[in-house]
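In listed order, ligands and their atoms are each counted from 1.
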Amino acid sequence: MSLIDSEIKQKIIDELNESNEITNSRQFAIKIGKEHEEVVAELNSLHAYEILLPEVIQEDIWEPTQEGQDYIEKGSPEVIFFNSIPQNGIALSELQKTLGPIAQIGFSQCMKLKWITTKKIEPSKEEIEKQQQQKKKAKVDQMIFQKVEKIEDKTKDLLLQLTKSTISSKDLQALKRRKLAQIVKIKYFKITKGATFERLITKKEKVHTDFNKEILSQELWKDAFFKKYNFNALGIYSSGHLHPLLKVRTQVREAFLELGFEEMDTSIWVESSFWNFDTLFQPQQHPARDMHDTFFMSKPEFSSDFPKEYMEKVKETHEKGGYESIGWRYDWDEQEAKKNIMRTHTTAISSRTLNSLIGQEFKPRRFFSIDRVFRNETLDATHLAEFHQVEGFIIDKNLSLGDLIGVITQFFQKLGMNKLKFKPAYNPYTEPSMEIFIYHDGLKRWIEVGNSGIFRPEMLRPMGFDEDVSVIAWGLSLERPTMIKYKVNNIRDLFGHKVDLQTIYSFPLCKITLEKFD
Ligand code: PHE
């Protein structure tokens, strides 16, 4: 791309090369036969590269008023008036009829210039009588005659000269008095060569707008000329589109909020094994805590700063049990609990939230979260190493499995899913536990959508909850219902770097109704 990509730019450069400066951008525009605005646009573009240095100059200039402009186009009233007088003269009243308002100005100017003579017309007797009857003073008309042979339209000529400096101040004042000329403020630029003129114009150095391999590897950037960023430039407008997962998330969030749930803070993505597993009564030898299922952090490898007393209780419960439990019966290792991982479920957040309720006055509460979790899975059409989990729990006194089934049914109904089935399952931190299935009319089969249960006393009691406090909880993936809703068969088409942006644009709005799936 050449920097000098227009005729105007070339002329600006030529002028600077010849005379070292452009003293007045307006006059320069006239000289090259272009509009000042066009020249300014090109000056700006060269200024962006600092090829030139503009200096703003403000000046007061004289300009014809609208009336002055009319005189330039049609001639001044005195000339029009004069030219309308026939050889034998004419009555003023007659001229007033034909010329309209300019007759009065024309008349008085012609008188001043001594271009005309006048002669009174005595009114006739009848006219005098008529006027007297109406109690009016008789109107005296006059005849107008040309007095000189040749006239010049000096007013028009002066108006034409207004923008030039040849006009005398006496003439200017006269035009101003007649309201034919006015002072206006104008802005123009004085242009001199800028800091980069020598490099970019004289030596024709290349302007770089980007880094590339060559610039980096050969260290050309040390001497290369880079265009400065224009932080004021407006970006290309393009409206955003919501990802289908976000649309479904909004609906799920609304369902929870309508049922009186509070949203949990899910900002902790890197979690300690302690909160992710140990507080949930998940034994340290559990296969989920293996490298094959969980991403372990190497930096920082360990967390610190745990609630000491609570950690002791967790250790004791794992080792020896309590609360009518015999525990897992192994030597609990604090170092293992300190290991940092990418959280494998948002139940870690539920555990933190529950523990934070200790010390507050007890009252039934409902919480939910929707956020990302990470698992070291073999990737395939339905599994990714990261996905979103929907999590909810209710804390109250003496909650039963019936309450759990009831609230889950209500929750899914809010999302338009009515045919539910529960199947006994196993979870280290819930007892009893149930998998949740939904009948998919389109696929004509039951599909698993989530997992649920009642948190075990081994999880709640070490935190300090009373025996009669119970927590019912469930968790599901956000991707599963989204894939069903939008008929996406491969999860990689929904999430991750292979997603086609065009499909994101064209996904319809979300209203989850599995039953009405077509
Ligand atoms: N954390 C479980 C999972 O990752 C879901 C779950 C949440 C189960 C709460 C029971 C209670 O699948």
Side-chain angles (χ1 to χ4, degrees), residues 252 255-256 259 261-264 266 268-269 271-283 286-290 292-295 341-355 357 365-377 382-396 399-412 420-438 447-460 463 465 469-481 491:
V252 172
F256 273 122
L259 291 169
F261 282 73
E262 302 168 55
E263 190 158 7
M264 293 183 271
T266 51
I268 301 171
W269 287 19
E271 185 54 281
S272 62
S273 298
F274 180 70
W275 286 108
N276 194 86
F277 297 122
D278 295 285
T279 63
L280 293 165
F281 196 54
Q282 201 146 324
H286 193 279
R289 298 175 74 143
D290 198 81
H292 300 291
D293 290 310
T294 300
F295 291 115
I341 57 161
M342 299 298 291
R343 73 169 173 228
T344 64
H345 55 185
T346 41
T347 317
I349 300 295
S350 298
S351 184
R352 280 179 177 272
T353 306
L354 278 167
N355 192 57
L357 297 179
R365 284 176 80 173
R366 305 169 159 221
F367 290 91
F368 80 97
S369 70
I370 311 166
D371 204 359
R372 206 171 290 197
V373 299
F374 307 85
R375 290 187 194 169
N376 196 356
E377 305 232 36
T382 50
H383 291 92
L384 286 180
E386 53 189 291
F387 61 98
H388 296 80
Q389 217 170 34
V390 177
E391 176 110 5
F393 75 80
I394 298 176
I395 180 166
D396 205 341
L399 290 171
S400 69
L401 202 60
D403 292 313
L404 180 60
I405 292 173
V407 73
I408 289 176
T409 306
Q410 200 184 14
F411 170 74
F412 278 101
L420 288 183
K421 209 151 87 169
F422 299 90
K423 185 178 140 188
Y426 171 76
N427 243 325
Y429 40 91
T430 51
E431 178 62 33
S433 311
M434 302 184 299
E435 278 168 357
I436 309 159
F437 288 80
I438 286 181
I447 36 175
E448 194 201 326
V449 291
N451 204 338
S452 67
I454 303 181
F455 282 144
R456 297 182 73 107
E458 290 98 324
M459 173 182 167
L460 299 179
M463 290 179 180
F465 286 108
V469 170
S470 42
V471 178
I472 53 177
W474 67 101
L476 25 138
S477 101
L478 186 66
E479 279 76 359
R480 183 69 57 104
I491 197 161

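- Close contacts of ligand 1 with Q389, meaning ligand atoms under 4.0 Å from a residue heavy atom, involve 3 (C), 4 (O), 12 (O).
- In this structure, F256 has its ring center no closer than 6.0 Å to that of F367.
- Tested against H345 for a ring pair (Phe, Tyr, Trp, His ring centres under 6.0 Å), the candidates F387, W275, Y429 yield a single pass: Y429.
- Of the possible donor and acceptor atoms, none in the side chain of T347 sits under 3.5 Å from a partner among the backbone N and O of S350.
- Checking only distances, T347 does come within under 3.5 Å of ligand 1, N or O to N or O.
- Using a 4.0 Å heavy-atom cutoff, Y429 is listed among the residues neighbouring ligand 1.
- In terms of heavy-atom proximity, T279 sits nearest to M459 at O-CG, 3.4 Å.
- The contact set between ligand 1 and A473, taken as ligand atoms under 4.0 Å from a residue heavy atom, comprises 9 (C), 11 (C).
- Atoms of ligand 1 found under 4.0 Å from any heavy atom of E391, numbered from 1 in the order shown, are 7 (C), 9 (C).
- The shortest side-chain heavy-atom distance between R352 and M264 does not fall under the 4.5 Å cut-off.
- At a heavy-atom cutoff of 4.0 Å, ligand 1 is contacted by no atom of S350, backbone or side chain.
- Using a 4.5 Å cut-off on side-chain heavy atoms (C-beta onward), V390 and W474 make no contact.
- Polar contact with ligand 1: present for R375 (N/O pair, distance under 3.5 Å).
- Remark: ligand 1 and W474 share no N or O pair separated by less than 3.5 Å (distance only, no angle test).
- When only interatomic distances are considered, the shortest N/O to N/O separation between T344 and ligand 1 does not fall below 3.5 Å.
- Inspection of the T344 and D293 side chains reveals no N or O donor paired with an N or O acceptor under 3.5 Å.
- The G475 neighbourhood of ligand 1 comprises atoms 5 (C), 6 (C), 7 (C), with distances under 4.0 Å to a heavy atom of that residue.
- Between F368 and the options E391, E262, E263, a side-chain contact (heavy atoms from CB on, under 4.5 Å) holds for only E263.
- Using a 4.0 Å cut-off to heavy atoms of N427, the atoms of ligand 1 that qualify are 8 (C), 10 (C).
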